[in-house]
2 protein chains.
Amino acid sequence: MNLTVTEENYIKSIFHLQQAEGNVSTNELAASLHTKPASVTDMLKKLTNKNLLNYIPYQGVRLTKDGKKQALMIVRKHRLWEFFLVDKLQFGWDEVHEVAEELEHVSSKKLVEKLDSFLGHPKFDPHGDPIPDIHGNMVAVRQFNLIDIKPGTLVEVCSVGSQSAELLELLRHKNIGISTEMLIMKKFEFDHSVEIKIKNSQHINISQQLAQALFVKLV
Amino acid sequence: MNLTVTEENYIKSIFHLQQAEGNVSTNELAASLHTKPASVTDMLKKLTNKNLLNYIPYQGVRLTKDGKKQALMIVRKHRLWEFFLVDKLQFGWDEVHEVAEELEHVSSKKLVEKLDSFLGHPKFDPHGDPIPDIHGNMVAVRQFNLIDIKPGTLVEVCSVGSQSAELLELLRHKNIGISTEMLIMKKFEFDHSVEIKIKNSQHINISQQLAQALFVKLV
DNA sequence: TAAATTATTTAGATTTGTCTAAAAATAATT
DNA sequence: AATTATTTTTAGACAAATCTAAATAATTTA
């Protein structure tokens, strides 16, 4: 099934909205897509005919199994490209969203899988959101980038940004691994480094680069 | 000036066609874009209004200075993405065109420049076509990938695929540089390596990887 | 529960890029 | 030069995605 860019954007918005609430209303969708409710109604009918939505007039809408799969593949592409932009092209994590909105609509499946390999099969995008794998599976817990955590917070390492040898070497050296608990002590404006304390251990300093590669959950 | 994907494709086709001949005819364009002459006429008027074309009814069309600049930026993007796909994602050079046709329409200027840096400012795409720089300048001579040259041909090295340290080391070791003349002796099916002879020197063997990174002109 | 408000859908119009069929201009041929 | 053939343009229609305005359904409030 081949979707237009517009159809893909509808599917993606419905996916994100139905995560938060149950059924998605016409008005919500219109707001999220910066369009008018009347336009939404038209598109809902169209996507229903393509078996991507369950839509009952006046009752809101949910994705079908098929629709959800399509959505997950778009989200996968979006987040892989975001990772690429930050990790390889040195974009700031706060400036990649717009660009990824365009890249996510490039259709080649081979491209997505080769990109995934090239990036080292990352599990999280630069905002800490999980990247669905080729089957649409992804980690459920909301994760945060270490660099965004406020001092005084106790967190646990869930995942690292990639599997590169250089990153793993540094983590081993600092004795940091999956499920390591750490208390965020202080953040330094000058170099965006972070001082942390690991249980039964001394204070250590984490560089900006490393902090951006560490994903944690609140504990 | 913001162009739609369709408009960009028209501009790009006109650019390529007017390289070969002088004025570009409605029929040629229709054939090249897989559309009908009547549709072309409509679009020519539209692009003329945007000052991208000089169009006189029944006389064919040429790009204005502005139109040419737009075309060069699209070609730049197309060829940079092709280079990326082959060099970083391990696509075959014969399967990248379709994908690049989509990627070339991603609009972020910052993306293009960061990609160019990431790739090491390559001068030629995987087919040997020159990549315009940010000002639209590019090498004029048609160049070929060493791997595509027939045995018995005398060629001269014009450029190398990238500026990576590893590549430069190997070239130094083999005594190959810009303007080195070499005679193509034999090509081996098994590993796609190429045997060459450099003037006043012995026969040496060039691996497939290296051959793909060498761009030559006929001499 | 009846009226008022809000949400959603329908009806009809618009824009973009395309098409077919017919007319007009240009080029080729006899 | 006159006719024929080709190329190009015009005219009118269509599909996709959108809009505004009006109608209808659902919900809230008095």
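Because only heavy atoms are used, hydrogens play no part in the values below, and waters and symmetry mates are left out as well, while side chains stay in. Note on naming: letters A, B, ... go to the chains in the order of the sequence lines (proteins, then strands), and numbering restarts at 1 for each one.
- With a 4.5 Å cut-off on side-chain heavy atoms, A/Leu80 and A/Pro122 count as touching.
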**Asked** Can you give the dot-bracket line for DNA chain C, where a pair is Watson-Crick or G-U wobble with both atom distances under 3.5 Å, crossing pairs use [ ], and | marks a partner on another strand?
**Response** ||||||||||||||||||||||||||||||

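- Using a 4.0 Å cut-off, some side-chain N or O of A/Lys45 falls inside it from OP1 or OP2 of C/dT10.
- A donor-acceptor contact shorter than 3.5 Å is absent between the side chain of B/Arg79 and the backbone of B/Pro132.
- Aromatic pair B/Tyr10/B/Phe15: centroids not less than 6.0 angstrom apart.
- In this structure, B/Phe84 and B/Phe118 have tilted ring planes: the angle between them lies in the 30° to 60° band.
- Rounded to a whole Å, the CG atom of B/Leu47 is 11 Å from the P atom of C/dT18.
- Listed candidates were C/dA11, D/dT18, D/dT9. Nearest to the side chain of A/Ser39 is D/dT18.
- B/Thr26 comes within 4.0 angstrom of sugar-phosphate atoms only, judged by non-hydrogen atoms across all strands, and of no base.
- In this model, the phosphate group of D/dT8 is approached by a side-chain N or O of B/Asn27 to a distance below 4.0 Å at OP1 or OP2.
- Rounded to a whole Å, the CG atom of B/Asp42 is 9 Å from the P atom of D/dT10.
- Rounded to an integer number of Å, the gap from CG of B/Leu44 to P of C/dT18 is 11 Å.
- Put simply, the side chain of A/Arg62 does not reach to within 4.5 Å of the side chain of A/Lys68, judged on heavy atoms.
- Between the P atom of D/dT18 and the CG atom of A/Leu29 lies a distance of 12 Å, rounded to the nearest Å.
- If you measure from atom CG of A/Asn49 to atom P of D/dA15, you get 15 Å, rounded to the nearest angstrom.
- Using a 4.0 Å heavy-atom criterion, one finds that B/Thr6 contacts the sugar-phosphate atoms exclusively.
- Look at CG on A/Asn9: it is 15 Å from C1' on D/dA16, rounded to the nearest Å.
- For A/Lys36 and D/dT18, the shortest distance from a side-chain N or O to OP1 or OP2 is not below 4.0 Å.
- Between A/Val5 and A/Tyr58, the residue anchored nearer the 5' end of DNA chain D, judged by the nucleotide with its closest heavy atom, is A/Val5.
- At D/dT9, one or more side-chain N or O atoms of B/Thr41 fall inside 4.0 Å of OP1 or OP2 (strictly under the cut-off).
- Atom-to-atom, CD of A/Glu7 to P of D/dT18 comes out at 10 Å; the value is rounded to the nearest Å.
- Taking the side chain as every heavy atom from C-beta outward, B/Lys110 and A/Phe91 approach each other to under 4.5 Å.
- Between A/Tyr10 and D/dT18, a side-chain N or O to OP1/OP2 separation shorter than 4.0 Å is present.
- Counting only heavy atoms from C-beta on, A/Pro37 has its side chain closest to C/dT9 among C/dT9, D/dC19, C/dT20.
- Judged by the 6.0 Å and 45° rule, B/Lys88 forms no cation-pi pair with B/Phe83.
- Within the 4.0 Å cut-off from OP1 or OP2 of C/dT16, not a single side-chain nitrogen or oxygen of B/Thr4 is found.
- With A/Arg76 as reference, A/Asp116 is the one residue of A/Asp116, A/Asp125, A/Asp129 to meet the salt bridge (Lys or Arg N to Asp or Glu O under 4.0 Å) rule.
- Straight-line distance from the CG atom of A/Asn23 to the P atom of D/dT27: 12 Å, rounded to whole Å.
- Minimum atom distance to the side chain of A/Ala38 is reached by D/dA21, of the listed C/dT18, D/dA21, D/dT18.
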